[in-house]
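Scroll down for the structure; my scribbles are underneath it.
Just so it is clear, the values below take in all heavy atoms, side chains as well, and ignore hydrogens, waters and symmetry mates. Just so we're clear, the structure is a prediction, and the values are computed from it rather than from any experiment.
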Amino acid sequence: MNPSLPPTFLQRLSGQAEQICLWFVVLACAAIPTSLALANIALAGVAVFWLLSAGRVQRWQVLSQQPVAWLCAALFVWILVGAFYSTAAPAEITLHIQKFAKLLLAAAIMGVLVDATWRKRCMQAFCFGMGLVLLTQVGEVFIDLPWAVTHNKGWNALHVAVGDYITQGIMVSLMLGISLWRALDSSNPKNARWAWGMVAVLCLPSLTFWSDGRTGYILLVLVCLSILALRFKGRALLLSVGFVFAVGLVVVLNSDRMLDRIKLGQQEVTRALNNERQFTSLGGRLENYRQSAQLIGERPIWGWGTGSFHKEACRVAITPEFCKAASWHPHNQYLLFGVQGGLIAVALFIGVLLMAARQLWRAPPEQRAVGLAFLVIFAVNSLFNSSLFSARENHFFTVMLAVMLAGLASAPDKRIS
């Protein structure tokens, strides 16, 4: 297109559609922590207006330089291929395709979210949503809030603002990484650093005293270590890590809820390893891992096809109870891909994580630190939960993956620091 020529009506319409698409991305970032229904509406808006503006040449120039977007698309294509040889019922195949279609949405968002201003708005929207979550948790310590999921008053009680405590803990972990980096970043104004420091401190009881999520306990430590490793070097790093472990020890010893969950987890693992057949949280996961290892061993390259985990896990389950309670997904994204799409799907998924890490390593300081902390959350959570299958986690990981990578490969002059 000749830049000297005035834009046509269709070109203007396409540009307006892209602006609306970007606003829907911002809305999705605010809604993911707070409202699943609103997030669904926002993501539908992203899809519709992305398609309406898909004729823009710049869009495809951006995507041509974004390898993670193409890996996401390749993984989804392989999921579609898996539908043709799947042993699952049509309804289960359709469900899994719908779930994993958000991989395409992540790629689509990477194509439009190029300008640093829009990425900044997305991060602000996510922080706003998480602020509402944290304030709800604080409020529930003192009063019964009608919109909260739980209605428990008190300090050492479970407080869930929206959804479930597992997904809430995952998102609070990212909020911890954002606030901790900004509190430690000497380029920020002093008052802003203190404010972000207070947010980081508030994330600690959210993940320990007010949560039952053992995944959140692990992510808390790993996120802190990731941010500190990227912020400090030498003696300062050793001192900061020592401080984190000292604070962590004090928290563990004073959080009855955290201690109870850790002890319960130890008991569940011990019983499962002693071949007790009672279904428990960690016992169910260990059975999932046994099922998955057997199924992958039977079809290692191609897997059993999209949506097949439920049927095949029931086939090898040790009891009918485990078939009923531990067979919808294996609480492990790597294993879910391994069972259904074989090692090809696993390699593509790991490729997404590694390529994203490679791009983020070359990013400006804040984008690199927060982005790598996010990838740590994504990779580690995928060991304990099906990150791209469970609804809220699916929304969070696909959209925020796109936000973290936005602009890196396509417009280096517009990256934010």
Side-chain angles (χ1 to χ4, degrees), residues 1 3 6-77 97-130 352 356 359 367 371 374 388 391-392 394-416:
M1 183 180 71
T8 65
F9 171 76
L10 289 178
Q11 290 167 350
R12 291 196 301 270
L13 184 63
S14 179
Q16 291 171 353
E18 182 167 291
Q19 291 293 303
I20 297 172
C21 175
L22 286 165
W23 280 115
F24 271 117
V25 176
V26 174
L27 177 61
C29 291
I32 286 169
T34 56
S35 171
L36 183 60
L38 184 57
N40 283 328
I41 293 171
L43 293 179
V46 171
V48 169
F49 285 95
W50 193 94
L51 291 172
L52 290 175
S53 59
R56 293 173 66 81
V57 176
Q58 302 94 321
R59 173 83 46 81
W60 304 103
Q61 291 174 340
V62 168
L63 287 175
S64 69
Q65 301 175 53
Q66 181 50 270
V68 176
W70 291 106
L71 282 169
C72 286
L75 179 54
F76 181 70
V77 168
I97 290 175
Q98 290 173 345
K99 294 276 189 179
F100 295 128
K102 293 189 185 68
L103 288 165
L104 287 185
L105 203 59
I109 293 172
M110 291 179 209
V112 294
L113 194 61
V114 178
D115 192 282
T117 301
W118 284 104
R119 183 181 181 277
K120 185 175 181 180
R121 287 170 181 162
C122 288
M123 295 299 291
Q124 290 171 337
F126 176 76
C127 291
F128 172 78
M130 289 307 303
V352 168
Q359 288 184 239
Q367 191 170 359
F374 167 79
L388 296 176
R392 293 180 185 276
N394 181 304
H395 286 17
F396 170 69
F397 284 114
T398 51
V399 173
M400 295 310 294
L401 175 67
V403 172
M404 295 299 164
L405 293 173
L408 286 183
S410 55
D413 57 317
K414 295 182 179 180
R415 300 173 190 167
I416 65 170

Verdict with reasoning, L401 to V352, per side chain to side chain contact (heavy atoms under 4.5 Å, CB included): CA-CA 10 Å; L401 175 67; V352 168; 4.0 Å; yes
What's the separation between atom [atom1] in [X] and atom [atom2] in [Y], rounded to the nearest 0.5 Å?
X: L388; Y: T398; atom1: CG; atom2: OG1; answer: 7.0 Å
X: Q61; Y: Q66; atom1: CD; atom2: CD; answer: 14.5 Å
X: S53; Y: I20; atom1: OG; atom2: CD1; answer: 9.5 Å
X: S35; Y: N40; atom1: OG; atom2: CG; answer: 8.5 Å
X: L113; Y: M404; atom1: CG; atom2: CE; answer: 11.0 Å

[Y] side chain reached by [X] side chain, heavy atoms, under 4.5 Å:
X: W118; Y: Q19; result: yes
X: Q359; Y: P67; result: yes
X: C21; Y: I109; result: no
X: V62; Y: M110; result: no

Report the C-alpha separation of I32 and M400 in whole Å, then their side-chain angles, then the decisive distance to 0.1 Å, and conclude whether the side chain to side chain contact (heavy atoms under 4.5 Å, CB included) test is met. CA-CA 10 Å; I32 286 169; M400 295 310 294; 5.6 Å; no
Pairs touching residues 56-77 that satisfy ring-ring contact (aromatic ring centres under 6.0 Å, His included), sequence neighbours left out: W50-W60
If you look only at pairs with a residue in residues 24-46, which of them pass as a ring-ring contact (aromatic ring centres under 6.0 Å, His included), with sequence neighbours excluded? F24-F49
List in chain and number order the residues that pass side chain to side chain contact (heavy atoms under 4.5 Å, CB included) with L43, two or more places apart in sequence or in another chain; answer none if no residue qualifies. A28, K102, L105, H395, V399
By side chain to side chain contact (heavy atoms under 4.5 Å, CB included), A125 pairs with (sequence neighbours left out) V26, C29, A30
Tell me the closest heavy-atom pair linking [X] and [Y], and the distance in Å.
X: F374; Y: F397; result: CZ-O, 3.6 Å
X: A69; Y: A107; result: O-CB, 3.6 Å
X: A406; Y: Q367; result: O-NE2, 3.4 Å

Please, which pairs that meet salt bridge (charged side-chain N to carboxylate O under 4.0 Å, His left out) have at least one residue in residues 19-48, sequence neighbours excluded? none
Sequence neighbours excluded - salt bridge (charged side-chain N to carboxylate O under 4.0 Å, His left out) pairs with any residue from residues 14-25: E18-R56, E18-R59
Trace of the side chain to side chain contact (heavy atoms under 4.5 Å, CB included) decision for L104 with C72: CA-CA 6 Å; L104 287 185; C72 286; over 6 Å; no
Any sub-3.5 Å donor-acceptor pair from R119's side-chain atoms to G407's backbone N or O? no
